[in-house]
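Here's the structure we're looking at; comments come further down.
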There are 2 protein chains.
Amino acid sequence: MDRAVGDLTARARIRDAAIGLFGERGIEGASIRDIAAAAGVSSGLVRHHFGSKEALREACDQYAKERMLQIGAELSAEAGVSGLDPVALHPVAFPLQLYLVRSMMDGSETATALFLQGVDAVEEWSAGYGIKPKDPRGYAAALAAIKLSVFILRDQVSKAIGEDITTPAGYNRIGQALMEVFTIPLLTPEQVEKLNQQEK
Amino acid sequence: MDRAVGDLTARARIRDAAIGLFGERGIEGASIRDIAAAAGVSSGLVRHHFGSKEALREACDQYAKERMLQIGAELSAEAGVSGLDPVALHPVAFPLQLYLVRSMMDGSETATALFLQGVDAVEEWSAGYGIKPKDPRGYAAALAAIKLSVFILRDQVSKAIGEDITTPAGYNRIGQALMEVFTIPLLTPEQVEKLNQQEK
DNA sequence: GACTTGACTACACGATCGTGTAGTAGTTTG
DNA sequence: CAAACTACTACACGATCGTGTAGTCAAGTC
C-alpha cells in the first residue's frame with residue numbers, strides 16, 4: 001500500500017502525539033495511555049518503541065531540538081533574517097517550541113542546552129550588530145528569555161489582547177508589539193542611573 | 001503557650017507548603033501527601049482544612065493574589081516606583097510569583113485575572129508616561145509577559161549567566177540587563193517598516 | 001518449510017494518587 | 001458535668017499511573 005503524505009509510521013505518530021500532549025499539559029499531565037490513544041496505538045507499543053516514559057521524553061527532546069535547528073537553518077537560508085528570528089512563529093515549529101519550553105521547565109538538559117545555544121547566538125548577533133550592553137551575557141540571556149515569554153503565556157496574552165496569538169493574525173499582532181518594545185526606549189540612560197542609586 | 005513569630009497555624013503552614021511545592025513542581029507534580037509532609041501534618045488534615053486539592057489550589061490562588069497586591073501597595077507607598085515594578089523581586093513575593101505563574105499556566109482563573117490586571121496597569125502607566133505605541137494593548141501585554149519571563153526561566157537564565165538569579169546579586173544583574181533591553185533601541189522604526197513589508 | 005525478528009496488543013503487577021471514613025484529644029458551650 | 005465542636009491522625013477505598021509479561025501476526029531469512 002502506498003503511504004500518503006502525512007501518513008507517518010506508528011513510531012512517528014507516537015512521538016508527535018507525545019510532543020503535543022507534553023507541550024499542552026506538561027510531562028506529568030500527559031500519561032502514556034493518553035499519548036497512545038492520541039496516536040491510535042496501544043500503550044504497550046509506546047513502551048515497545050521507546051522503553052520508558054523518560055526515554056520517550058528524551059527522544060522527543062532530541063527530535064524537537066533537531067527539527068528546530070533544521071527549521072532555523074532553512075529560514076535563515078531562504079532569507080537573511082535578523083537576530084529576532086521568526087523560527088518560533090513557524091507553523092511546524094510552534095508545537096515543538098511549546099514542548100521544549102515545557103520540557104525545559106521540567107528540567108530537561110537537552111532543552112536547556114538549546115536555550116543556552118540560543119543565548120550564545122543572541123550574544124554573537126548583538127555584538128556583530130554593534131550593540132554594546134554593559135553586561136553582554138546578561139543582556140543576551142534576557143533577550144532569549146523574552147523571546148519565549150509570549151509563547152509560555154500564550155493563553156494569558158491572548159486573553160489580554162482579545163485575540164488568539166496562535167493564529168497568524170494574532171501572532172502578527174503580538175510580534176509587532178514585541179518589536180515596539182525593542183524600538184521604543186522605555187528608560188533613558190539617566191533614569192537607569194537614577195534607579196541604580198536608589199537600590200543602594 | 002506563646003506563639004513565636006513565624007510559628008504559623010497548621011492551616012497557614014499547609015497553605016505555604018502548597019504554594020512552595022506547587023510553584024516548584026507544578027500542580028500535578030506536588031501530591032497532597034508531599035504537601036502535608038512539608039507542613040509537618042497528616043494528609044488528612046489538608047483535606048480537613050481545604051476539602052480537596054482543587055479547593056486548596058483556589059485558596060492558594062486567592063492568598064497569593066491578595067499578598068501580591070498587598071506587597072505591591074506597600075512598595076508603591078514607601079517609594080514612588082516606576083511601572084517596572086519591583087514586586088516580583090521582593091523576597092516574600094518570590095515564591096508567590098513562582099506559584100502564580102505555575103497556576104496560571106495550568107489554567108487558573110484567579111492567576112490569569114491577576115495577569116490581566118497587570119496588563120491594565122502597564123497600559124495605564126505607559127499612557128501616562130507618554131509612550132505611544134501603535135497597539136497600546138498589545139504593547140502592554142507583551143511588556144507584562146516579559147516581566148514574568150525571567151521568572152519562569154530562572155533556572156535556564158541562571159545557567160546562561162553563570163549566576164543564580166534568585167540571589168540578590170544575580171537578581172540585580174538580570175534586572176540591569178532587562179533595563180538595558182528597554183533602554184537600547186534594538187530596531188529603528190525604519191527597520192520595523194522593512195520587516196513588515198517582508199512579511200507580506 | 002522451519003526459524004527468527006520486529007511491530008503490535010492484551011492484560012496483570014505494584015505503587016501512588018485523591019478521596020472517604022472512623023475515631024481520638026482538647027477546648028468551648030450550655 | 002455533658003454535649004458539641006474543632007483540630008487532628010490512622011487507615012482503607014477505588015482509580016490511575018508507569019511498568020512488566022505473554023502472546024499474536026506478518027515479513028524476512030536460511
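Naming convention: chains lettered A, B, ... in sequence-line order (proteins, then strands); numbering from 1 in each chain.
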Given the rule in the side-chain contact (heavy atoms from CB on, under 4.5 Å) test, do F115(B) and V157(A) qualify, once you have shown the distances and angles that lead to the verdict?
CA-CA 9 Å; F115(B) 176 80; V157(A) 170; 4.2 Å; yes

Residues at least two apart in sequence or cross-chain that pass side-chain contact (heavy atoms from CB on, under 4.5 Å) with R67(B), listed by chain then number, are Y63(B), Q70(B), I71(B), V92(B), L96(B)

Do R11(A) and F50(A) form a cation-pi contact, if we require the NZ or CZ to be under 6.0 Å from the six-membered ring centre and within 45 degrees of the ring's axis?
yes

In whole angstrom, what separates E28(A)'s CD from dC17(C)'s P?
10 Å

Under the salt bridge (Lys or Arg N to Asp or Glu O under 4.0 Å) test, residues paired with R33(A) that sit two or more places apart:
none

Just by modelled atom types, is the Y99(B) backbone N or O under 3.5 Å from a matching donor or acceptor in the S103(B) side chain?
no

What pairs of nitrogen or oxygen atoms, one from the protein and one from nucleotides 5-12 of chain D, lie under 3.5 Å apart?
unit_1	atom_1	unit_2	atom_2	d
dC8(D)	OP2	H49(B)	NE2	2.9
dT9(D)	OP2	S42(B)	N	2.8
dT9(D)	OP2	S42(B)	OG	2.7

Distance check needed: dA7(C) C1' versus R15(A) CZ, whole Å only.
17 Å

My understanding is that only residues two or more places apart in sequence, or in another chain, count here; which of them pass side chain to side chain donor-acceptor pair (under 3.5 Å) with D106(B)?
none

Would you kindly give the CD1-to-C1' distance between I35(A) and dC17(D), to the nearest whole Å?
12 Å

Strand-adjacent residues in residues 50-61 of chain B, judged by heavy atoms under 4.0 Å from DNA chain C:
S52(B), K53(B)

Separation of dA15(C) atom P from I32(B) atom CD1, nearest Å, is 21 Å

Taking atom CD of Q62(A) as the centre, does the number of heavy atoms from other residues, nucleotides or ligands within less than 6.0 Å exceed 12?
yes

Considering only residues two or more places apart or on different chains, which pairs with a residue in residues 151-160 of chain B satisfy side chain to side chain donor-acceptor pair (under 3.5 Å)?
T112(A)-Q156(B)

